[in-house]
Peer 1: 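Have a look at this one.
Throughout, protein chains are lettered first and strands after them, A, B, ... in sequence-line order, and every chain is numbered starting at 1. The model shown is predicted, which means the values in this text are computed figures rather than measured ones.
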Protein chains: 2
Amino acid sequence: MADASDLPTDSSPPAPQAPAPRERARYHHGDLAHALLGAVRELVERDGADRMSVSKACRMAGVSTAAPYKHFADRNDILRSLCDIGFDELRAAMQAAHDGVADPGEARVAEIGKAYVAFAAANPGLFRVMFGMKRELISPSDEDYGLEAKACFQVVIGDVAEASGLEPGSEPAMRLAIMLWTFVHGVSTLLIDGDYEVTEVPVNTDALVEAAARGLLQGGPPRAG
Amino acid sequence: MADASDLPTDSSPPAPQAPAPRERARYHHGDLAHALLGAVRELVERDGADRMSVSKACRMAGVSTAAPYKHFADRNDILRSLCDIGFDELRAAMQAAHDGVADPGEARVAEIGKAYVAFAAANPGLFRVMFGMKRELISPSDEDYGLEAKACFQVVIGDVAEASGLEPGSEPAMRLAIMLWTFVHGVSTLLIDGDYEVTEVPVNTDALVEAAARGLLQGGPPRAG
DNA sequence: AACATAAGTTAGCAACGCTAACATCGCGTG
DNA sequence: CACGCGATGTTAGCGTTGCTAACTTATGTT
């Protein structure tokens, strides 16, 4: 009864017993882990992670409030599993953006950044859990937590080096990649939290990302840090 | 019984009855609103906003769990009041950074940005509440919510125009200010959420902010957005 | 002194996270 | 094929929480 991280995205393998639509409410749900993650994901988007309750997810899945604890250690474990799914999807989206632009350069980096922002905009609740609940979700013991997040970061750093002309893997290239990630992450959080409203001017996030890619890639590497 | 936003920062006015240290536990606390906000702030930093409970704050303040509702409408109202305090402090910190650098230019903008990041680093829990719980805290009715946040933003935009040579109040200057805010906010969130750890290289946030101020201010305004 | 009001109290509800103990199903093995 | 055992459900219940209702006590005005 651990983390169900062996249920990566959404592809349903043989599925021991597909939950037949109407066949006399069966005692065993058959695919509760997935069903719960789906319900929780919906709730996280609808109400936010803190208002999400396991009980509500149980009602949605049509099971008792004790059922989840046969599949997940606790509430946090459910959110942790949801994070795994989220990072997988984010990495896929970034990879797709990379694959969509043939020639290296600012444009490709910008597209990856836009994909990052688009993921956040499409999954604001999940995005907040993925990046904002680390301290609460991970126990100090598990070391290999940020693996999926690292995989996301890996997608960019090669392209950044290529687009900037810096030595791939060098520290300046790394710093530049960090700066671009920082900017794109800032766009994402300010966007989904509705904080751009205080500027009283419309904010075009795509244009913002493009401008940052242009400005930071051409401006050369940071001197230190 | 509303918001106690008339208790701005922490200066204790005459205080109807200063809570005398040891004078036979008095029935009336005397300054419960402030005491609660202090306890809640401590809890928000220690446990995070979602694990913060009004009950714990009551235990800390030495009152019953029903007492807070004589001063605040509900739990969210307490967090709202805490946000008011936070934005006030943030604006003061940014203003102080502004005042600390005589001549306009990149350096001044960078200092304000560093003050922003420093505030987040010193008050991570509060910072998350301030910028991340808007949807949950504000009711669609109250219009004048983001006033304190707007005041913070106002501190920078003048300096950005000065440092970039753009027309103050013009849209390009506005866009540039938004980009700098975006970057600095990205640094803050990635820092306090521990997400920079996935880069596996040490990240010097001050250097990051300085590099962004340099790169974005010299790179000229974004073309659109 | 009388009294209205502000600011505390206790008691209690519903929802939640989680556990313990019990029930049922499905699958592998004698 | 019976058996049984583990996986996966159930009900019952504990402690905590947010919040309300009804009551009590202090404060300050007239």
Peer 1: Would you kindly give the CZ-to-P distance between A:R75 and D:dT17, to the nearest whole Å?
Peer 2: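 Distance check: A:R75 CZ to D:dT17 P gives 15 Å.
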
Peer 1: Quick one: A:F72 CZ to D:dG9 P, roughly how many Å, whole number?
Peer 2: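 The answer, rounded to whole Å, is 11 Å.
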
Peer 1: Heavy atoms from C-beta onward define the side chain here; which of D:dT10, D:dT20, C:dC16 lies closest to that of A:S53?
Peer 2: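 Out of D:dT10, D:dT20, C:dC16, the nucleotide with an atom closest to A:S53's side chain is C:dC16.
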
Peer 1: Can you measure B:L79 atom CG to D:dC19 atom P for me and round it to whole angstrom units?
Peer 2: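 For the pair B:L79 CG and D:dC19 P, the rounded distance is 10 Å.
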
Peer 1: Measure from the side-chain heavy atoms of B:A66 and tell me the nearest of D:dA21, C:dG8, C:dC18.
Peer 2: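 Of the options given, the side chain of B:A66 lies nearest D:dA21.
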
Peer 1: Could you give the CG-to-P distance, from A:D47 to C:dC16, as a whole number of Å?
Peer 2: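 In whole Å, C:dC16 P lies 10 Å from A:D47 CG.
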
Peer 1: CZ of B:R59 versus P of C:dT9: gap in Å, rounded?
Peer 2: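 Distance check: B:R59 CZ to C:dT9 P gives 14 Å.
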
Peer 1: Kindly point out which of D:dG18, C:dG8, D:dT8 is positioned nearest to the side chain of B:H71?
Peer 2: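 The answer is C:dG8, which lies nearest to the side chain.
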
Peer 1: Take the protein atom NZ of B:K70 and the nucleotide atom C1' of D:dC19, then report the distance between them rounded to whole Å.
Peer 2: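 So the two atoms are 12 Å apart, to the nearest Å.
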
Peer 1: What is the ring orientation for A:F131 with A:Y116, classed by angle as parallel under 30°, tilted 30 to 60°, or perpendicular over 60°?
Peer 2: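 Tilted: the ring planes of A:F131 and A:Y116 meet at 30° to 60°.
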
Peer 1: Where is the tightest heavy-atom contact between B:H185 and A:L190, given as atom of each residue plus distance?
Peer 2: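 Nearest heavy atoms, B:H185 then A:L190: CD2-CD2, 3.4 Å.
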
Peer 1: For A:R51 and C:dC16, give me the distance from atom CZ to atom P, rounded to whole Å.
Peer 2: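 From A:R51 CZ to C:dC16 P: 13 Å.
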
Peer 1: Calculate the interatomic distance between B:D50 atom CG and C:dA15 atom C1'; express it in whole Å.
Peer 2: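 Nearest whole value for this atom pair: 17 Å.
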
Peer 1: Spell out, as yes or no, whether a donor-acceptor pair under 3.5 Å connects the side chain of B:R75 to the backbone of B:M52.
Peer 2: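 Flag set: sc B:R75 to bb B:M52 pair under 3.5 Å.
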
Peer 1: For A:K114 and A:D206, indicate whether the former's side chain and the latter's backbone hold a donor-acceptor pair under 3.5 Å.
Peer 2: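 No; zero donor-acceptor contacts below 3.5 Å.
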
Peer 1: Counting side-chain heavy atoms from CB outward, which of D:dG18, D:dC19, C:dT9 is closest to B:S55?
Peer 2: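 Between D:dG18, D:dC19, C:dT9, the one nearest the side chain of B:S55 would be D:dG18.
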
Peer 1: With respect to the side chain of B:V54, which nucleotide from D:dG9, D:dG18, D:dC19 is positioned closest?
Peer 2: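 Given the options D:dG9, D:dG18, D:dC19, the side chain of B:V54 is closest to D:dG18.
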
Peer 1: Taking everything shown except B:Q95 itself, do over 12 heavy atoms lie less than 6.0 Å from its CD?
Peer 2: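 Enclosed.
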
Peer 1: Of all the choices, C:dC16, D:dT11, D:dG18, which nucleotide is nearest to the side chain of A:S64 once you look at every atom?
Peer 2: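 For the A:S64 side chain, the nearest candidate turns out to be D:dT11.
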
